[in-house]
Amino acid sequence: MMTTINYQQHLLPLSRQQLVDKLAEALTEDRFHHVLRVEQTAIKLAKQYGVDLEKASIAGLCHDYAKQRPDEDFLREIKEDGLDPDLLNWNNAIWHGIVGAEMVKHELDVWDEDILNAIRHHTTGAPVMSPLEQIIYMADYIEPGRSFAEVVKARELTAKSLTLGVAYQTEQTLAYLVERDLPVYPATILTYNAWVPQNKGEL
Ligand code: DGI
Ligand code: FE
Ligand code: FE
């Protein structure tokens with residue numbers, strides 16, 4: 001069942017429909033449908049775990065807002081905002097969340113730090129994440145369009161415990177990167193150390 005949140009417009013100056021229209025314009029069709037599914041998954045988790053539904057909707061819709069932007073947009077944003085210069089050594093996979101959050105702030109007029117952190121941390125996680133950040137991190141991973149083998153267990157664990165879901169995704173993502181000889185962003189390792197060892201026995 002599809003839930004439509006009626007925005008109070010205290011978090012951004014748009015109705016939900018106006019925000020959806022902007023996303024349809026900014027994203028490819030596949031990516032647009034992914035963010036709609038992440039929104040719905042985030043709302044469901046927010047109901048279960050007692051998180052603000054409007055924040056879950058906005059963060060779910062906006063988490064990949066910058067995914068289709070050209071590299072030069074990210075490079076300019078990193079310099080103009082004085083973000084960590086090490087970001088210049090990475091690519092879209094890392095930029096679209098961490099740097100994309102600044103584009104959401106400036107272009108969509110979203111100033112709520114919990115929503116912005118949920119966007120910033122949705123790819124790499126972070127050692128400390130609010131319930132909203134954990135929900136967006138998990139909703140992106142378990143939305144109904146995902147079909148990789150580990151998603152079944154990720155959905156089960158997340159329904160039981162948000163913490164265990166976060167630990168499981170973090171463990172799987174690091175293993176995925178190492179298996180493929182991909183570079184691991186430092187924050188991804190910090191997330192692993194903060195979430196995985198102490199929960200390993202329950203995964
Ligand atoms: O944007 P989505 O495709 O919905 O999902 P995402 O933002 O979680 O992941 C984007 C990509 O980032 C995905 O292919 C996995 C990759 N990724 C996650 N952590 C790291 C990473 N890539 C590198 N190189 N290093 C990381 O630490
Ligand atoms: Fe993403
Ligand atoms: Fe996503």
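Predicted model only: the values in this text are computed from it and were never measured. Every number for a ligand or one of its atoms is a count from 1 in the order of the listing.
- With ligand atoms numbered from 1 in the order given, ligand 1 contributes 11 (C), 12 (O) to contacts under 4.0 Å with heavy atoms of Ala93.
- Considering the Fe ion (ligand 2) as centre, the angle to OD1 of Asp64 and to NE2 of His122 is 90° (10° rounding).
- Contact between Gly97 and ligand 1 is absent, with no heavy atom of the residue lying under 4.0 Å from the ligand.
- Ligand 1 does not have Thr124 within reach: every non-hydrogen atom of the residue lies 4.0 Å or more from it.
- The closest non-hydrogen atom to atom 21 (C) of ligand 1, taken over Thr170, Leu177, Val38, comes from Leu177.
- Looking at Glu102 and Arg120, a side-chain N of the basic residue comes within less than 4.0 Å of a carboxylate O on the acidic one, giving a salt bridge.
- In the model, Asn89 has a side-chain atom that pairs as donor or acceptor with a side-chain atom of Asp86 under 3.5 Å.
- Contact annotation: for Arg146 versus ligand 1, heavy atoms closer than 4.0 Å belong to the side chain alone.
- Close approach of ligand 1 to Asp64 is summarised as follows: ligand atoms under 4.0 Å from at least one heavy atom of the residue are 1 (O), 2 (P), 4 (O).
- Under 4.0 Å from ligand 1, not a single heavy atom of Arg180 appears.
- Side-chain N/O atoms of Ser57 and Tyr7 include a donor and acceptor closer than 3.5 Å.
- Proximity of atom 14 (O) of ligand 1 to the protein is not indicated, since no non-hydrogen protein atom lies closer than 4.0 angstrom.
- Aromatic ring centres of His122 and His96 lie closer together than 6.0 Å.
- Ring geometry, Trp90 versus Tyr185: the interplanar angle exceeds 60°, so the pair is classed perpendicular (tilted spans 30 to 60°).
- Heavy-atom contacts of Asp140 reach the following atoms of ligand 1: 4 (O), 5 (O), 6 (P), 7 (O), 8 (O) (cutoff under 4.0 Å).
- Put simply, the angle at the Fe ion (ligand 3) from NE2 in His63 to OD1 in Asp140 is close to 90°, to the nearest 10°.
- Contact check on Glu39 versus Lys44 returns no salt bridge, with no Lys/Arg side-chain nitrogen under 4.0 Å from an Asp/Glu carboxylate oxygen.
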Could you give me the CA-CA distance, side-chain angles and deciding distance for Tyr141 and Phe148, then say whether ring-ring contact (aromatic ring centres under 6.0 Å, His included) is met?
CA-CA 10 Å; Tyr141 193 64; Phe148 50 90; 4.9 Å; yes
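- Residue His34 approaches ligand 1 through these ligand atoms, each under 4.0 Å from one of its heavy atoms: 4 (O).
- Not a single N or O atom of Leu182, backbone or side chain, sits closer than 3.5 Å to an N or O atom of ligand 1.
- Some N or O of Lys67 is nearer than 3.5 Å to an N or O of ligand 1, by distance alone.
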